[in-house]
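Below, read A as the first sequence line, B as the second, and so on, with proteins coming before strands; counting in each chain starts at 1.
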Amino acid sequence: MAWVNRSLLLIGSALASTPSLIVAEPQVTHSYNMWGVPGGLLDMPTSEMAPDGELATAVTNFAGITRTTLSFQVMPRLTASFRYSALNGYRPIATYTHSAYFDRSFDLRYQFLTEGKYRPAMAIGLQDFIGTGNFGGEYIVATKTIGKRLRFTAGIGWGRLGSFDSLGTTGARPNRLIGAGGELTSERWFKGPYAAFGGVSYQVNDRINLKAEYSSDAYSAEMSPDITNPSAAPLFQRKSPWNFGIDYKVSNSIRVGASYMYGSEFGLNVVLAMNPKHPRIPGGTETAPVPVSVRNAKSARDLGWSVDNSQRAKTGAGMIRLLQKEGLVAEAVKLSGTEAKIILRNTRYDIETQAVGRAARVMSRALPASVETFTIAQSYKGVPVGAVTLRRSDIERLENAPASTMLSRVAFTSGKDLTGLKPVDGAYPRLSWSLGPYAKMSVFEPSDPAKADFGIKLAGDYYLAPGWVASGSVSVKLAGNIDKPPSGRTGFGPGTLPQVRSNARQYSLGNDPRLDYLTIANYARPGKNLYSRVTLGYLETMYAGISGEVLWKPVNSRLAIGAEVNYVAQRDFDQGFGVQDYKIATGHVSAYYDIGHGFHGQLDVGRYLAGDWGATLSVDREFANGWKVGAYVTRTNVSATAFGEGSFDKGIRITIPMSWALSRSSRKQNNVVIQSLNRDGGAKLNVNGRLYNNVRDLHKPEMAKTWGRFWR
Amino acid sequence: MSIVRHTRFVFLTMAALLIASCGNQTDQGVLIKALRGQYLGGKQAAPALTRTQLQAGISASLRANKLPQKLVRIESRNANAIMVQIEQNGSYKTWATGDRRSVTFRRGIVTATRGLGQDIMSSDTQQVSTLINGRRSGNATRAYRYLNGQNQTVTLSFDCSVNTAGRAHYRMGQVNAAAVRVVETCQSDRLTIENTYLVSSSGTVVQSRQWLGPINGYFSIELLRQ
């Protein structure tokens, strides 16, 4: 089949050398391939991207190989994917005991050239570029759309993608395991044999897509799947390099596909895609706010009510009742003749801007005409952390104008000047509690696809005074397998650090009630741009002690700097009141920065739980509706062998706001973290109530992004 | 406990808790409530009213208070509602239904909605209003502003041509007026919409059919009492 390879190579280079036009829009597809990445082919990549912001889960299967992939379109021209593969009957290491081999891989693809009238789109990609690199491959690919329905793809691949009928080599491709696994396999990239691949996809109508491709992946490793048994049957018979498939769009979120792979196997493909930018009903369906009430010009001069205490109290009480109807609890109120200051606790709106707008409307209805300035602060644990000052005349004048005109008229302040406000009667002490089921999941582990624990949890917060809160949670496990011991895997052992996190399963044993946390915390405003927290007690499932934090964040700033210091002892495995001998002082200095264009970065430098020193870098793509998708990497001064399998800590985290799915405001959100391994290096304390994320939403940068909701 | 009994115990406890997730916070069990609504039925769509039922409803509503009232309907949802004027801010009048959905009008032309889904946040209607309320033909522009999925304001602008199209007599509720039919045809680069109005000699819109947006479609409004 060498002539096919050479023709594909010629087509590819011909397409690439045609004159170029400047087009900004990336080439996009809604289809995903058999590796779970965007593309209109099957095993081969294309230069196509998914729509910006799309998050998709694809499950594909053929020949006993099941791939579950989470793919995210980080930017319009950059796709990142995390894959969990299970290969039935595959045994690459003698000590492996499972019947299926589980492997995790990461892919990146960048469309470096967008499609023009004559020019194809071109992309460069890395497949399985971290860790063992079992499925490792690199490629450069071009895809051209002809007319409205046809797309041709041609490319060159290395690694797996260069293994069938290779055309030549670019040096020797090393094969060793770097460090203890978990490292970038950069010494292999674009080295070794390379081969050509290609394919065509045809969009029959808006639901059906047909695919045909020529695969350069020889599946060499899968041909001898069992290292202990050289004569074991291959996972499948690779009779032909041609693959064919059909893709069907069930709905905007769901696609299914069927394929015939390598002349011998049938394949299946299911994709669930969602896009944080597209909720079901943009703006939501929740009910109307109260309309603004316009004052009578004459009564604005009447200040008599403000010197009469009982009148003022009655006015305040009326306003508090109306605010309550909007889901806003007034924790402190100060009314004077011309000014009203309130501290609100927002129990309903995930978008703080909407809470401020609704409060402003209520105040226009409830307050006497002489009050001209409204200062609306919002609190975290009873402490005001940000405020907006508005003029009532602007509220009256701009109710029916675009929201942006209001934004230019308001002032954002830090709220520090409201800390002394006398709390409303009955605001303190206050108890908030909940009893309900919980589910704890542990997925995509190296030796277990899914483990879960289920049980009941009783939690409560007792607010003693503004800024003082006692919190606790007790849970009872009813069923689960998170305490299952791990099975033998790679040759790498657990590392030589103190066991600060890797003994997590010891904390999951048994069905006795366990104390998740029991703390007393104080939050305060030591300065105009300063916020502080001190937490004492049983801080998390594994550690007890004291944690202190200070944050510097001016209200109009995109940069914040924080410092945290903790002194903790490791708790007993039964999660009762006892502690073990291991004690450690940890802490970090952190810089947080709103990069812009939807990106946010954080750098923490300091000492981790095992006594190692290092830094963590996190980058998140944030959407103004509360969705966040991001990744983090931690490197410390321990060697890869001391760290153990994985070499260094890394992970992916996703935050999903409940309001996006419900189409109405809700403060609940779902946080998912997929961590590489539960190792001891680069481990941070999990203490509740860290300052930055609870403060930033009330400051100008975040409020300006969502200001469209002010009048909603 | 045997395995079977233990498993049953777990499932029963989980089931009981899922249905009765409790506490004293707002937003408690919100996901469970939403799923319940989705899978176990929840609110049914109101059955279509007969003509006599509708008339009876209107009469009862007009007797209930002395406020201005309108009969409204989102055509795609085929359910009638009566709106009452609850507030006025300059030339903008806000009307609302009993279940807290509101529409703001300026001289009878819709400028904002709340609670209808993909709400109009605000609009620019001054130019078309001069023609429509003045019962004249001519060309003008108008704009609608909505929120997109990321809480940003997006504007849909249209070029409109307004034409008068004959006379009609409007009688409904407590309104009895001779009116001119005015048709407003608007075009953007992707959409064409047509709003129709019956405008009385005083410039009041007594009946109209107005476009609310891509998801909601057309909204029909009939004035019952001024």
| Proximal component of B/Asp124, with respect to chain A [non-hydrogen, under 4.5 Å] | neither
| remark: From the list B/Asn195, B/Ile74, B/Leu212, side chain to side chain contact (heavy atoms under 4.5 Å, CB included) with B/Tyr218 holds only for B/Asn195
| task | Under 4.5 Å heavy-atom distance to chain A, tell me which part of B/Thr104 shows up: side chain, backbone, both or neither. | result | side chain
| message | Quick check on A/Ala661 against chain B: is it the side chain, the backbone, both or neither that has a heavy atom closer than 4.5 Å? | response | neither
| task | Return yes if some donor-acceptor pair links the side-chain N/O of B/Thr130 with the main-chain N/O of B/Gln126 below 3.5 Å, else return no. | result | yes
| Residues of residues 285-295 of chain A near chain B, each having a heavy atom less than 4.5 Å away | A/Thr285, A/Glu286, A/Thr287, A/Ala288, A/Pro289, A/Val290, A/Pro291, A/Val292, A/Ser293, A/Val294
| request: Can you tell which part of B/Leu116 gets under 4.5 Å to a heavy atom of chain A, answering side chain, backbone, both or neither? | output: neither
| Partner set under side chain to side chain donor-acceptor pair (under 3.5 Å) for B/Arg106, not counting sequence neighbours | B/Ser91
| Is there a donor-acceptor pair closer than 3.5 Å between any side-chain N or O of A/Arg397 and the backbone N or O of A/Arg392? | no
| note | Interatomic distance, CZ@A/Arg358 vs CG@A/Asn346, rounded to 0.5 Å, equals 11.0 Å
| said: What I want to find out is whether A/Arg409 reaches A/Asp394 closely enough, with some N-O distance under 4.0 Å, to be called a salt bridge. | reply: yes
| note | Checked A/Ile351, A/Ile281, A/Asn400, A/Asn275 vs chain B; the most non-hydrogen pairs under 4.5 Å come from A/Asn400
| Within 45° of the ring axis of B/Phe105 and under 6.0 Å from its six-membered ring centre, is that where the NZ or CZ of B/Lys70 lies? | yes
| Are any side-chain N or O atoms of B/Gln69 and backbone N or O atoms of B/Met83, one a donor and one an acceptor, separated by less than 3.5 Å? | no
| message | Between A/Glu326 and B/Arg100, does any side-chain N to carboxylate O distance fall below 4.0 Å? | response | yes
| Is there a donor-acceptor pair closer than 3.5 Å between any side-chain N or O of A/Trp707 and the backbone N or O of A/Ala403? | yes
| query | Short question: side chain of A/Arg345, backbone of A/Val329 - any donor-acceptor pair under 3.5 Å? | reply | no
| query | Under 4.5 Å, heavy atom to heavy atom, which residues of residues 140-159 of chain B contact chain A? | reply | B/Arg145, B/Leu147, B/Asn148, B/Gly149, B/Gln150, B/Asn151, B/Gln152, B/Thr153
| In chain order, what residues pass the side chain to side chain donor-acceptor pair (under 3.5 Å) check against B/Thr204, with sequence neighbours excluded? | B/Ser202
| field | Partner chain B: residue of A/Pro402, A/Gly284, A/Gly283, A/Pro279 with the largest heavy-atom pair count (under 4.5 Å) | value | A/Pro402
